Amino acid sequence: MAMNMDYSQFYRGTTNIPSYGKGPYKKDTLVKYEFHTKDEQGNKVMDQMSKEETLQAMKEIRSWYGDAVIVEFSGDGMAALVESKKGGTIPEDQEAIDAKNAAFQKEITQVDNTLTDLPAYSGMYEADKAVASALENCSKEEKGFVYDIIRQNFLIGNSSSMTEEERQANISLGMKKAEYAAEHFISEDSREAFLTAMESIAKLASAGNADSNGNMDYGVAKGSYLGHGSGLVRTTNVIGLMQKMDKDAYAEYQEKGKNDDGGLSALKFLTNWYIGAVKKNPSMVEEYEEQSEEYVEKNVKGRKLDTTFAGLKTGSKADFLESLKLFQNNNPDFLSSMINRELTSKFWKF
């Protein structure tokens, strides 16, 4: 199996969990990936990964998520996990991992393997609020469907498994899914604002750039949000502010986070840095946010989106799947992993 495979096909959902830990080590989200060699119908999906491939996949996927997320891996396709069950070890602090997992299991009351309503934000406040407001009275599955567009079609963390043409086409697929949502479960008075917001996020995604390892940079600072739906309020993400405005301090903050004190030294450093930085430069927060606004104005607003999937039908779930299968039949080697993931999504089976 290629080392630059598309891991998104093995994504099985994201779930809110009771908060665990403190400070920068606080965890409130569980993301699940299952690497199985066969699908539910018994068809071969992949060969079992080597130990090297297993560890690289785990490392790469974990790098996509922030410190507030724990990523859970399972499946018979992961050689390192199989070996660990037979008595081998994964080269991490296994005792610490086992202790954390035990604590998590006590606190998690339910793990939902289907799509969830955990929000996904772009960093553009007006667009994020418009989407959140439009979804306010939607079901959990409907919210999950929309936020999955943002995570898996638009603002992917790493693009190493796709060509740039495929990445842009994946955004086009996301916009057709957004059109389906607007047509079928977004309230009429919110549809225009919803589609405008989703198009803005799609344009932001389209303008993104990848580094040599495929890690994506979308050019805007992701703020922190309080509340939900129409009551969404933006606050300053202090860690993001530090990372953008004072790289030396951010490197020191990361080192503090390695201390065995539950994150207290890192939290103290962050607090003292923020107080001192704002005192030294009272306009720092405004400058930080203006960088994002300037970037959007220059690189995002006038951007044209890819139209690869413009012909997909959105009249019904059956229409959508039929037209997507037709596209796949005509383009069997193009964006195959993402299309297969879509065709097997539980959302379309409800």
Side-chain angles (χ1 to χ4, degrees), residues 8 11-20 26-33 61 64-72 108-157 170-171 174-175 177-182 184-187 190-191 193-205 208 216 218-240 289 292 296 345-347 350:
S8 63
Y11 169 79
R12 292 296 179 267
T14 304
T15 305
N16 281 321
I17 61 175
S19 295
Y20 171 80
K26 183 177 179 180
K27 311 285 186 180
D28 57 16
T29 305
L30 176 71
V31 177
K32 296 177 71 69
Y33 282 81
I61 291 171
W64 299 348
Y65 300 94
D67 294 336
V69 175
I70 181 170
V71 185
E72 179 180 293
I108 297 173
T109 57
Q110 179 181 1
V111 175
D112 187 353
N113 288 327
T114 65
L115 296 172
T116 73
D117 58 349
L118 184 69
Y121 298 123
S122 69
M124 298 185 296
Y125 175 61
E126 296 301 329
D128 291 337
K129 186 170 183 177
V131 172
S133 298
L135 293 173
E136 201 161 25
N137 297 315
C138 292
S139 71
K140 179 178 180 180
E141 289 73 24
E142 291 165 346
K143 291 177 182 177
F145 176 76
V146 170
Y147 287 130
D148 187 68
I149 295 171
I150 297 174
R151 288 192 187 92
Q152 300 295 333
N153 296 108
F154 292 170
L155 305 177
I156 60 174
N170 191 37
I171 296 169
M175 276 308 302
K177 291 165 65 177
E179 289 178 25
Y180 176 89
H184 292 279
F185 58 79
I186 300 297
S187 63
S190 298
R191 282 175 192 161
F194 169 77
L195 281 175
T196 297
M198 292 297 282
E199 184 179 44
S200 295
I201 298 172
K203 289 180 178 181
L204 177 70
M216 295 300 303
Y218 294 106
V220 298
K222 284 193 175 183
S224 298
Y225 293 123
L226 299 175
H228 55 84
S230 58
L232 198 68
V233 177
R234 179 172 58 187
T235 62
T236 299
N237 183 334
V238 178
I239 297 176
E289 294 178 349
S292 294
V296 170
S345 170
K346 292 183 179 180
F347 175 83
F350 283 115

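Model, not experiment: these values are computed from the prediction. Residues: numbered from 1 along the sequence shown.
- One distance of note links OG of S345 with CG of D148; it measures 6.5 Å at 0.5 Å rounding.
- Distance check: K129 NZ to M124 CE gives 16.0 Å after rounding to the nearest 0.5 Å.
- Under the rule for a side-chain contact (heavy atoms from CB on, under 4.5 Å), the partners of A130 that lie at least two apart in sequence or sit in another chain are A197.
- The nearest pair of heavy atoms linking C138 to I186 is SG-CD1, 4.2 Å.
- To the nearest 0.5 angstrom, F194 atom CZ is 11.5 Å from S133 atom OG.
- Rounded to the nearest 0.5 Å, atoms CZ (F145) and OG (S139) are 11.0 Å apart.
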- request: Please step through side chain to side chain contact (heavy atoms under 4.5 Å, CB included) for the pair L155 and S122, ending with a clear verdict.
  value: CA-CA 8 Å; L155 305 177; S122 69; 3.8 Å; yes
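- With sequence neighbours excluded, the residues forming a side-chain contact (heavy atoms from CB on, under 4.5 Å) with A120 are Y147, I150, R151, listed by chain and number.
- Panel note: side chain Y180, backbone F185; no donor-acceptor pair is recorded below 3.5 Å.
- Evaluation of the salt bridge (charged side-chain N to carboxylate O under 4.0 Å, His left out) rule for E179 yields K176 as partners, not counting sequence neighbours.
- Between K177 and N153 the shortest heavy-atom distance is NZ-OD1, 2.8 Å.
- Across every non-hydrogen atom of F154 and I171, the tightest pair is CE2-O, 3.4 Å.
- Rounding to the nearest 0.5 Å gives a distance of 4.0 Å between CE of M198 and CD1 of I149.
- Applying the ring pair (Phe, Tyr, Trp, His ring centres under 6.0 Å) test to Y218 and every residue at least two apart in sequence or in another chain returns nothing.
- For V238, the side-chain contact (heavy atoms from CB on, under 4.5 Å) partners two or more places apart in sequence, or in a different chain, are L270, W273, Y274.
- To the nearest 0.5 Å, atom CD of residue E72 and atom CD1 of residue I70 are 7.5 Å apart.
- Contacts of S230 classified as side chain to side chain donor-acceptor pair (under 3.5 Å), with partners at least two apart in sequence or in another chain: E136.
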